[in-house]
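Worth knowing before you read on, the calculation uses all heavy atoms, side chains too, and leaves out hydrogens, waters and symmetry mates. Quick note on labels: first sequence line is chain A, next is B, and so on, each numbered from 1. Being a predicted model, the structure only gives us computed values, none of them experimental.
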Amino acid sequence: MKTKKELIRTETIDEIIENYPIAKDFFMNINLTDLPKNKTLEEALMTVSDVYFEEFGMERHWILYQFALFLDTFDQSSETVSGIDSITICGGHDKSGNPENIDLVISKGEIISIVGPTGSGKSRLLGDIECVAQNDTPTGRTILINGEIVSDDERFETEGKLVAQLSQNMNFVMDLSVKEFLEMHARSRFTKDPSVITTCFECANDLAGEKFSFHTKLTQLSGGQSRALMIADTAFMSTSPIVLIDEIENAGIDRKRAIKLLARNEKITLISTHDPLLALSADKRIVIKNGGIHKVITTTDIEKESLYSVEKLDQTLLTLRNQLRNGQLIYPIG
Amino acid sequence: MKLITVAGPPSSGKTSVIINVIEHLKLRGLNAGVVKFDCLTSFDQERYSENHIPVEVGFSGKVCPDHFFISNIEEALMWGRGSEFDLLISESAGLCNRCSPHIKDILSICVIDNLSGVNTPRKIGPMLKFADIVVVTKGDIVSQAEREVFKFNIRQVNGKARIISVNGITGQGTFMLSKHFENALDIDTLNDMRLRFTTPASICSYCTGETRIGPAYQMGMMKKMEFKK
């Protein structure tokens, strides 16, 4: 295997672009799209005047070096963290300094809900997980990965790659159609298999109450449709092994199926919620009080049975919602 | 004392990020001050003062802001040392996307926000290209996928930088950032150190106060666009 430096020295720009289509972007980024592509980069750069480089504060050898770096960056799957089978939350203390006395192991495929009043410290727990706290955050918690302590170097390394976050407040802001958006995301993930785009799209449509098309603009999606697309996209396209969800209730989507979908895709899923349907669908729930983990409850069999009635209630509300939507009259329920 | 340069477009969240980082540094017993470089006006000094953070503000006025920065940063460093700070943080807005205040060997941060448009990272220039750490704010209001695409576009222009997502309101993410601040290089002086990127030449008649339009008034280093026929 040639190093990137050798590659750049020996192959023409055309040849490189054929193997690394993303290389095209590099020339757009440095505003040099008109280079003759049938030459090596070094030869091609000789066709550009010195004045140009001076003007834009670049030098030829700097461009060669940057191009090698660029190809390296997008060659390795450096954005992926793999091999995470479990995380362990080792207790710290609550706001008054009382110890949490807990070691909770969460394995991939597991769903954990986090419950507690607003301001009780749910976000702080999510924050501890995100930065893989090592007894150095205000809560004094330690988060282990695969049962092991994580060094600062490893924390810097996994920063921003470990956790995918979803919340009620998140919106799409790009001016793109659903299809363009999914393609763009797939491209940034170097997804080899184009079928993932269709899978995402179909799955999102399945979760959403109302259907949307490939050509719908992202910004025209309803709250529920947006949430459904975000969840499908996180499940199939995001490589982060942990998913943190902050309040997706009232979103007009099939919430239970949505979180099952994430779990099935081998994610470690944590949901901060007040929604009985979501809380009871989880395997366990963490109760937060006064900034600390008050207790951990494993969903009991009786609770799982109640889940059935909760679902029925939910279904009733959904039916009513659809009747309203379709201009029907509502009759007494019971 | 450690020096850290923080740059970013207006309203990207630089001040919030710095205030949150300093909170973490305070918990570890570290004393930090801020020097803010701006053009004509700034409101940030009040926010720093409210948070009991010592701050000095400099306005470039009619001088090129980057020239102004580089001609004053050593004095700022002396102020910081005189005030016995452990860290001095310089904050400056990247004003024309052509410049960056980043100095070789000095921890350099660029702050940009997720709302600024998905291709913005590719347009920002040296301020982003030469940063050691790119802090991305306002991620709490856009989708995970957009955050990922945004990061991808940052990688396109700066393959080496660490990218840290920060919520400027809750401070989420600033903890790890504060660790980087703590590990920044200790220096006594900036004399003989170098900028990572040149500042633009500005030696034409308009630099010296000319306001009239037309070739008769254009002297010094002028650059003309070439329009197609």
Side-chain angles (χ1 to χ4, degrees), chain A residues 22 25-26 28-30 54-57 66 69-74 78-79 123-124 126-128 130-133 136-138 152 155-157 159-161 163-167 169-176 181-182 184-185 187-189 218 226 229-230 233-234 237-240 243 246, chain B residues 23-24 27-28 98-100 114-119 121-123 125-126 129-130 133 136 138-153 155-167 170-180 183 196-201 223:
Chain A
I22 192 165
D25 287 12
F26 178 80
M28 277 172 73
N29 295 340
I30 60 168
E54 207 178 306
E55 189 85 18
F56 289 90
Q66 287 297 320
L69 190 73
F70 182 89
L71 293 178
D72 259 340
T73 303
F74 292 109
S78 59
E79 293 302 301
S123 302
R124 194 146 253 189
L126 297 182
D128 281 342
E130 196 185 26
C131 76
V132 202
D136 53 5
T137 60
D152 270 0
R155 288 165 85 187
F156 288 143
E157 209 42 60
E159 215 166 72
K161 302 167 194 166
V163 170
Q165 261 181 306
L166 263 165
S167 97
N169 302 327
M170 286 173 188
N171 289 297
F172 286 117
V173 292
M174 284 184 197
D175 185 23
L176 294 176
F181 159 75
L182 287 172
M184 191 172 192
H185 193 200
R187 198 172 87 95
S188 81
R189 300 251 63 123
L218 284 181
S226 296
L229 183 57
M230 284 182 200
D233 174 271
T234 304
M237 224 156 340
S238 176
T239 53
S240 306
V243 185
D246 202 355
Chain B
E23 284 304 311
H24 287 291
L27 288 175
R28 277 173 253 154
R98 161 61 178 75
C99 295
S100 75
N114 268 305
L115 294 179
S116 60
V118 73
N119 278 318
R122 295 170 65 185
K123 294 190 274 190
K129 249 177 229 172
F130 293 98
I133 298 175
V136 187
K138 303 182 195 174
D140 55 321
I141 39 182
V142 305
S143 67
Q144 173 74 22
E146 283 163 305
R147 285 194 294 277
E148 289 176 9
V149 174
F150 200 78
K151 259 176 88 171
F152 170 78
N153 283 337
R155 283 258 162 276
Q156 288 232 347
V157 286
N158 189 336
K160 284 202 294 195
R162 298 225 176 260
I163 304 174
I164 302 183
S165 292
V166 163
N167 180 331
T170 64
Q172 198 177 339
T174 42
F175 171 75
M176 286 308 275
L177 185 60
S178 72
K179 290 209 144 206
H180 289 287
N183 293 335
R196 296 188 186 194
F197 192 70
T198 57
T199 58
K223 187 186 172 194

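Interface remark: A/N169 contributes backbone and side-chain atoms alike to the contact with chain B (heavy atom separation under 4.5 Å). The contact between A/S167 and chain B is made entirely by side chain atoms (from C-beta outward), counting heavy-atom distances below 4.5 Å. In this structure, the portions of A/F172 lying under 4.5 Å from any heavy atom of chain B include both its backbone and its side chain. Residue A/V243: no heavy atom, backbone or side chain, is found under 4.5 Å from chain B. Using a 4.5 Å cut-off between heavy atoms, B/R28 makes no contact with chain A at all. A/M230 touches chain B through its side chain: at least one heavy atom from C-beta onward sits under 4.5 Å away, while N, CA, C and O do not. Heavy-atom distances place no part of A/L176 under 4.5 Å from chain B, backbone and side chain included. Within the 4.5 angstrom heavy-atom criterion, no atom of A/R124 approaches chain B. With a 4.5 angstrom heavy-atom cutoff, B/S143 touches chain A via backbone and side-chain atoms both. If you measure heavy-atom distances from B/Q156 to chain A, the contacts under 4.5 Å come from both the backbone and the side chain. Neither the backbone nor the side chain of A/D175 comes within contact range of chain B; no heavy atom of the residue lies under 4.5 Å from a heavy atom of that chain. Interface residue B/V118: only side-chain heavy atoms are found under 4.5 Å from chain A. Looking at B/K129, the atoms closer than 4.5 Å to chain A (heavy atoms on both sides) all sit in the side chain, from C-beta outward.
Here the straight-line distance linking atom OG1 of B/T198 with atom CD of A/E54 works out to 9.0 Å at 0.5 Å rounding.
Side-chain contact check for B/K160 versus A/L69: some heavy-atom pair is nearer than 4.5 Å. By the 4.5 Å heavy-atom criterion applied to side chains, A/V173 and B/L115 are counted as neighbours.
In plain terms, the two heavy atoms of B/F175 and A/D136 that are nearest each other are CE1-O, 3.0 Å.
Residues B/E148 and A/S188 bring no donor and acceptor atom of their side chains to less than 3.5 Å of each other. Remark: the A/Q165 side chain and the B/Q144 side chain contain no N/O donor-acceptor pair separated by less than 3.5 Å.
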